[in-house]
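A short worksheet on the structure shown next.
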Amino acid sequence: MTPQLKEIATKFHGKIEVDLSKAWHFPKGLPGFEEEEEFVILPIGENEQFQVLQSTKEAGVAFVVANPYKIVEEYDFKIDDPTVDLLEVKSPEELMVLGIVFIKEPFEDSTINLQAPLLFQTNNRKAKQMVLNDKRYLIKHPINKKKLDEIKEKTTSGKSE
Amino acid sequence: MLVLSRKAGDTIKIADNIEVKILEVKGDTVRVGIEAPKSVEIVRGELIQSIKETNAESLTLDLDWYKNLKDNK
């Protein structure tokens, strides 16, 4: 693909030049951000765990994202038909999955949205935040395993080990 | 908004390919069955609302925290 360079204003990276041929197209935006249809993924310095999903239109719309499988290894879900149609998915290998991270203070309290993963179709670069009709995963899943164990302990309190 | 009164067992047709059926009314809970083509997205209203709110909250990260993340490999 021929590069389409464009200077955009970003939340964390200042004004930078991005290659729009590598942008991700969200035909329906994201829930609550229906107007934001084009995003780029930007690195956070040398940090390998997190990246930024930056709108190319609104500098202020920039989500921290992470690979959910690094947090919940056995994360699995069914991709619904409207999503398969929208992203024109032919095989699961075409998809990249990321989760939006809600960074909190202290950092250990941060959560990742596993109930509405971001799906990226790597061949046509279409993307969507898909809402799972699935109660196994939380909108605010602790990224810290210790925190998760604490929550689990609270919900099963009374039972001794 | 169109408002209809329905009883258990009654249905509502939407366009020619969606049918909503009232299955059961028990106390303050109504069980609803929906038949629609697979291409139609059906999501609980409050769930999509929570996701909208969490998306908006997730944007509140400030630059200091970004710098922390940056230095934290």
Side-chain angles (χ1 to χ4, degrees), chain A residues 10-14 28-34 36 42-53 55 58 60-66 80-86 99-107 110-113 115-118 128-135 138-141, chain B residues 1-2 4 6 8-73:
Chain A
T10 71
K11 181 167 180 184
F12 302 114
H13 300 76
K28 294 183 168 183
L30 276 74
F33 298 88
E34 286 76 11
E36 305 304 323
L42 303 172
I44 301 183
E46 299 290 310
N47 191 307
E48 286 172 2
Q49 209 187 342
F50 302 102
Q51 293 172 296
V52 172
L53 183 69
S55 161
E58 276 296 326
V61 180
F63 300 98
V64 173
V65 293
D80 59 38
D81 290 325
T83 303
V84 169
D85 288 351
L86 184 77
I100 294 182
V101 179
F102 180 15
I103 303 277
K104 280 201 249 182
E105 216 168 329
F107 183 71
S110 300
T111 60
I112 183 167
N113 187 341
Q115 178 133 43
L118 299 164
K128 179 184 171 178
Q129 185 174 22
M130 183 177 82
V131 180
L132 303 181
N133 266 324
D134 189 328
K135 289 189 172 159
L138 302 172
I139 299 177
K140 290 179 179 169
H141 182 101
Chain B
M1 186 195 278
L2 172 68
L4 303 167
R6 306 270 61 198
D10 288 353
T11 60
I12 298 163
K13 286 280 264 180
I14 300 170
D16 51 9
N17 51 11
I18 299 175
E19 189 175 274
V20 179
K21 188 169 187 178
I22 309 304
L23 300 175
E24 186 186 45
V25 184
K26 208 174 176 182
D28 59 1
T29 305
V30 181
R31 277 168 58 83
V32 176
I34 304 162
E35 274 200 62
K38 283 183 162 187
S39 60
V40 175
E41 224 158 315
I42 302 165
V43 181
R44 290 178 194 82
E46 75 282 4
L47 178 57
I48 196 84
Q49 189 55 36
S50 307
I51 286 165
K52 283 183 183 185
E53 284 167 15
T54 306
N55 278 351
E57 283 174 336
S58 301
L59 283 186
T60 54
L61 177 69
D62 61 22
L63 270 171
D64 285 347
W65 269 94
Y66 173 75
K67 282 185 190 121
N68 270 348
L69 275 181
K70 203 172 161 180
D71 300 332
N72 222 316
K73 289 188 189 181

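Naming convention: chains lettered A, B, ... in sequence-line order (proteins, then strands); numbering from 1 in each chain. Predicted model, so just to flag it, every value in this text is computed and none were measured.
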Count the heavy-atom pairs under 4.5 Å between each of Leu30(A), Ile44(A), Asp81(A) and chain B, then report the option with the highest count. Ile44(A)
Side chain, backbone, both or neither: which part of Leu132(A) has an atom under 4.5 Å from a heavy atom of chain B? backbone
In residues 17-44 of chain B, which residues are in contact with chain A at a heavy-atom separation under 4.5 Å? Lys38(B), Ser39(B), Val40(B), Glu41(B), Ile42(B), Val43(B), Arg44(B)
Contact part of Lys11(A) toward chain B, heavy-atom cut-off under 4.5 Å: side chain, backbone, both or neither? both
Pairwise distance CD1(Ile139(A)) to CG(Asn55(B)) - rounded to 0.5 angstrom: 9.5 Å
Against chain B, label Gln129(A) side chain, backbone, both or neither, depending on which of its atoms sit under 4.5 Å from a heavy atom there. side chain
Can you sort out the partners of Glu53(B) under side-chain contact (heavy atoms from CB on, under 4.5 Å), two or more places apart, ordered by chain and number? Gln49(B)
Taking all atoms of both residues into account, what is the closest heavy-atom pair of Ala62(A) and Leu59(B), and its distance? O-CD2, 3.2 Å
So if I apply the side-chain contact (heavy atoms from CB on, under 4.5 Å) rule between Ser58(B) and each of Val65(A), Asn113(A), Ile112(A), Ile100(A), which one comes out positive? Ile100(A)
Can you tell which part of Val52(A) gets under 4.5 Å to a heavy atom of chain B, answering side chain, backbone, both or neither? side chain
Does the side-chain contact (heavy atoms from CB on, under 4.5 Å) test come out yes or no for Gln115(A) and Leu47(B), once each step is laid out? CA-CA 9 Å; Gln115(A) 178 133 43; Leu47(B) 178 57; 3.6 Å; yes
